[in-house]
Structure formats: C-alpha cells, structure tokens
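Below: one structure, written as structure tokens.
Naming: A, B, ... by sequence-line order, numbering from 1 per chain. Quantities reported herein were computed from a predicted structural model and do not represent experimental measurements.
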Amino acid sequence: MKRTLALTGNESAAEAMRQINPDVVAAYPITPQTELMHAFTQLVADGAVKTEMILVESEHSAMSACVGAAAAGVRVMTATSANGLALMWEIVYIAASLRLPLVMAVVNRALSGPINIHCDHSDSMGCRDSGWIQLYGENPQEVYDNMLQAVRIAEHPDVLLPVMPTYDGFIISHTLERVDVIGDDEASAFVGEPKPRFSLLDIDRPVTYGPLDLQDYYFEHKKQQAEAMKRAKEVVREVGEEYGARTGRAYGFFDAYRTEDAEQIILCLGSAAGTAKAVADELRDGGRKVGVLKLRMFRPFPAEELARAIGHARSIAVLDRAEGFNGVGGPVCPEVKAALYKAGGADVFNYVYGLGGRDLGPDLIRSVFDDLEAGRADPREAIHLGVRS
Amino acid sequence: MAINLKELSKKPVPLSPGHRACAGCGSIIAIKLVLMAAEEPVVCTCATGCMEVVTTIYPYTAWRVPFMHNAFENSAATMSGIETAYRALRKQGRIDREIRFIAFGGDGGTYDIGLQALSGAMERGHDFLYVCYNNEAYMNTGIQRSGSTPMCAATSTSPVGKESIGKRQYAKDLTKIMVAHGIPYAAQASPHRWMDLMEKVRKALRIRGPKFINVISSCHRGWRVPMHTSLDVCKTAVETCHWPLFEVEDGAWRLNYKPKRKAPITEWFGTQKRFAHLTKPENAKVVEEIQAGVDRRWSELLHLCGEEGG
C-alpha cells in the first residue's frame, strides 16, 4: 500500500533499503551517512529485514566484504561519504571490474583536506571513472526512488555493474521532506530476486574470481566493461519508465525544466536544481527565457540526449560542486562541452559552487542567469560562485 | 579422523598441477596440504601475492574449489563477506550444504598491509580459517623486507652494505597478536611436518569461529637456498626454535614439537645466503643478541605451554 511519509534523505534511503531487504550490508560510520546506518541497523535489530550486517573496521573492508558477499551470489548494499569513499577507492574499481551488482548510497560530502563534513561532490566525482553507474538525487523522494531503481539497473543481465545513488550531505540527508513510498509487496515485486550467474558458494561448479589478467586479455575485459556501461543507458531508461508506470514518477537521464525555448540554461546536479528551478520560474514570470537541466545520470554520461535537449540555447552555465584542479574548472563542464561539440552554438560557462557546504541561495543563481544574459562570463575560466576574494 | 597417507592418496587434489609456482616453493606445498586436510567442501580467498599470481593467470586457474582474489590487504575482509553471505543463505534456508572457508595471505598481506582487515575479521568472529603462508618478505614484488622478515636478513630493501647488516628490526609476533584477539584457535606450523600442519587445519575447521594458522614457508629465491632444500630449511627453522610449533586452543597453549637438541641459530643462518654476512667475525655480537632473543622467546613459550624444566 502506498504511503506518504515525512523522511529525511537518510531515512528515505533506509526505507528503500528496508523494502529492498538485502541479504548482506557491510558498513562503517562516517558523517553524514551515519543516520542512514542507524536507521537500518535498527531495522535489523527489530527483525524487520533479513539482512546480515557486517559492522566492519573500515570502509576499505566494507567494500571488500561487499565484493566477497556479492561474488557469493547474494544481494549486497552499503553506504558511505567522502573520506570513506576515498578509503574504498581501490576496491570500488575492483567491484566494477568484477561486474558485481552492488548498490552503494553515497551521501555527498567534501573530501579532506581541510577536513569538512558538509556537502560537495568531490567524493563521487572523484570516482567518476571507476566504472560505477552514478545517479544524483535532488531530494528525499528521489533518494528513495533512485535506491529502488539502482538495484534493478545493477542486476540487469545486460549491465552487471555497481550503482551509486548519491544525494547531498545534510542538505538532503538531514532535511525532512514529504516522500511517497510504494507498498512493500510492490517494492519487492519491482526489485525482484537476484539471479547470480556465478556464485562462490556453488561448490559443484567452482569458479575463480579475480585472476591475474595480463596483456593478452585485460584489454578485452576492459572493453566489455565499457560496453556494459553503454548498455546501461537503455536499462536506466527502461527501469525509469517501468518505475513511472508503477508509481507515477518516471525517471530518465535528466530532468529538463522549461528548457524547450530557453535561451539561457543552468545545468546542475543534486539539491541545487530545486533552487535553480525556483529562480527560473521567477525569471520566467518576468519574461526571461531561462531553463534548468538537472542531470540525474552522470555515469554513463548521456551526451547525445543532452546535446539534443540543450544544444539550442544561446548560453549554458554548468554548475560544478567540485573543483577539478585542472586549471579550467570542475569535472562536469568539460563533459558537457564535449557533448555539445558541433551540436550548436551555445556558449558554455563553468561555475564552481558550494564547496564544503557553502550555501547556494537564489541570489547566486540569479547572478548566474544575469551573467549569461549579459554575456559577462569568460568562457575560458571557471568562476567560483559566492567565494570571497 | 586421523590423517594417513593411504587416505590422502585417494583424495582429489584441490589444487591442480600446472600452476606456475617455482620448483621447490614452500608456500605452494603448504597451501596444497591445507586444502588436502579439509574434510568439507571449501571456498578460498587469497591476498595478492605469489600464490594468487602463480595459480590464476587468466584464462587458467589451478583452483578446483571456488576461489576469489580481491586485492592485497583484504583477504580477511573479502572472506568476511563470503562467509556472511553463506550465513545469510543458511538462515533463509536457501543453502543446506556444510561449507568451510579458508582465507590465505602471504606475510606482506597478513603482517603488514592486511593486518587491520585480519584483526577486524577476527574480532567480529567470522567463521573461517586464515592461513598465513609466511616466507618472511615480499617475495612476489622482489624480496622486500616485511614485518615478518627476521632481524639481519638481507632483502632488496634491507640490503647489506657498509652501513647496514640487513634488516634492523625483529619480526613482529603475529601469532601472539592473533592469540590476543581471544579467538578459539591459533597455531604455528611448518610444511616439513605435514601431519602436524594438516591436523591443525582439520582441528581448526571443526571449530566454529575465527581461526588462524601461521605457516613458515620457504622461498628459495628470497632465502637464497638451493631449491631442493625447501623443506629442510623449514625444518631448521623449527629445530633452532626460530619457528616453534605450537597451538593455542581456547587460551590453552600447547607445544607441538620440542627439538631433542635445540640447535643454535647459526645453523638456521648457515642454511641461507640472506644471512651470509652474519658469519663475519665483526657480526658475532649481533648473532649473540639474536640467539639471546630466540632463547628468551623459547623459554617464554615453554612457560606458556607448561613445559618448563623439560
């Protein structure tokens, strides 16, 4: 039965995990992921899920245990943030290359140093090339919806890649909002049962996972992994549509908001989109042709679809919640520029914002739209939005 | 059930021939003996290192049992996940077979980079046996010193030179560290006493909970010994009390072998060129110090095992 609840992002993720009912969860505490695991371990303690918890001694071991459990053929989940994700790094890549369909919620937090517990995307952006599918959620509702869909996407036989649903630390993880959840039976039916092809516990059909792979095969395996990531696009689309048919909330690669005739477009990920859409509405009321493109799926990157959706604009501002330390700006903008290459004449500007949890208010969003309209921004250089000089 | 050669000769060998271990590799002998000792089906993991490399070069595998290599430092953490998955499926009634779990790691992957994951897994009480094949250095990467390398051993990163007589530190006592975790079973073994090693494995696998066995495993490349002497040199390690054989079951220490004549540590040094510099007269003092250390640890062990005065 459908219910409407008031949940924080972390509680919303925990509610999705309750319904997914994974066989094994291995996790280590880190702010702001902690409340998700508090809520989930309480569910385990109450016998509300069948899950076996592994309360490991580090995130490195959390991901290692997840890899082991997934290779044993069960459904596995974990969650982390920032430095925890950084400590997992090595095994994050191994999980993807072993084609293990894990789901890991990443509650976005700024990477150290300096140490900071608040939101930016430096953690998940840092592992954008690790072979994980990445879905960015805007609010607790999307957190819940992305978690359920992540399981289906990861375990799809055309994909078999781990999925990382992410949401902004504190801004989403600790903010109470309305969340519509589907019934337990409906959620179970949607996620289905895992169907592992090769299990370490299949004694009669012994398999070797993780062999040494040298010049003669490594490249082919990497190509297969890249092809699986390409195929994931279609699966994300199918699963998003099916989820929409069941719940009334359909999902695609991105959410194009008032972009059809927009001359100026802001492209962003996560919670910033809510503010950006509110400002776009306000400016539209004043007669300005502005829109917002909220990117939900960053990996795989929906380049062609994105070019079709925003290529017509006169100017586009890409808002990056991470600094790339590459001398030109954040990690999202170069990918958007590459997607738009030969797709139209849009000028693309890069804004780095919100590092370490710095607030992004409507005034800053307004200033970006004003920049775009006035043609003030220098396309060669990223602007650090709202930073003191 | 006692272990005998007749019985063993009928058992399928879980590790196939054709693997790429060096002729005379002590570690591969140890691993084969461990696998042969198991009475139930086993699932294994191994840390990155020689044994992973020589048994699994794609598209081949020497493992006739389910096997996973994940990374260097996480054999124990990976096994924690596999064992927990098994427990979850047992609880749900989705699997009814008895399966045992064995995690392997070399001394680099166990004493050093994997110590945290091992400690965590032992503390959490997972039901698996961890076996360290201890060849006393990072052999796979080219014989670099590890936390298990003995005092004064020459390695690639603790070479002998004008200002150096090899490694300047004693090996850490990992077996004692494992005992301090309060696990139900911990032991030291050597492949030259194959019956003792296999009985320990069998005993360990009958116990529920975390178990640890540390197996001295010669490496002729790293120890610089003739390859046909791999088991002889392990024997010398035991006869000199460099590597005593004992077990600790539920906190009770038991000595498994007491040399009739406790050989001087120089006999152990004499078997291996990594210690060749210790025969020089100017190094006599340090040899005395090492002998004193061996003697002290041996009498401590005798005390723990209630064997004083014997």
Would you mind checking which part of [X] comes under 4.5 Å of any heavy atom in chain B, side chain (CB onward), backbone (N, CA, C, O), both or neither?
X: A/L98; answer: side chain
X: A/L201; answer: both
X: A/L200; answer: both
X: A/V67; answer: both

### Task
Quick one: list whatever passes salt bridge (Lys or Arg N to Asp or Glu O under 4.0 Å) with A/K230, sequence neighbours left out.
none
### Task
Quick one: list whatever passes ring-ring contact (aromatic ring centres under 6.0 Å, His included) with B/F72, sequence neighbours left out.
none
### Task
Flag the pair B/V65 / A/I203 as yes when at least one side-chain heavy-atom distance between them is below 4.5 Å, and no otherwise.
no
### Task
Measure distances from B/I95 to the heavy atoms of chain A and classify the residue's part below 4.5 Å as side chain, backbone, both or neither.
side chain
### Query
What distance do A/L214 atom CG and B/I57 atom CD1 have between them, rounded to the nearest 0.5 Å?
5.5 Å
### Summary
All heavy atoms of A/G68 vs all of B/M68, minimum pair found to be CA-SD, 4.0 Å
### Task
Could you check which of B/A88, B/G81, B/A121 has the highest count of heavy-atom pairs closer than 4.5 Å to chain A?
B/G81
Donor-acceptor pairs under 3.5 Å, chain A versus chain B:
| from | atom 1 | to | atom 2 | distance (Å) |
| --- | --- | --- | --- | --- |
| A/D23 | OD1 | B/Q92 | NE2 | 2.8 |
| A/D23 | OD1 | B/R94 | NH1 | 3.1 |
| A/E52 | OE1 | B/R87 | NH1 | 2.9 |
| A/E52 | OE2 | B/K91 | NZ | 2.7 |
| A/E57 | OE1 | B/R124 | NH1 | 2.8 |
| A/S58 | OG | B/Q116 | NE2 | 3.2 |
| A/H60 | NE2 | B/E73 | OE2 | 3.2 |
| A/S64 | OG | B/N74 | ND2 | 2.8 |
| A/D204 | OD1 | B/R97 | NH1 | 2.9 |
| A/D204 | OD2 | B/R97 | NH1 | 2.9 |
| A/V207 | O | B/F67 | N | 2.9 |
| A/T208 | OG1 | B/T61 | OG1 | 2.7 |
| A/Y209 | N | B/F67 | O | 2.8 |
| A/Y209 | O | B/H69 | N | 2.9 |
| A/G210 | O | B/H69 | ND1 | 2.8 |
| A/L212 | N | B/T56 | O | 3.2 |
| A/L212 | N | B/T56 | OG1 | 3.2 |
| A/L212 | O | B/Y58 | N | 2.8 |

### Query
Listed by residue number, which members of residues 154-166 of chain A have a heavy atom under 4.5 Å from any heavy atom of chain B?
none
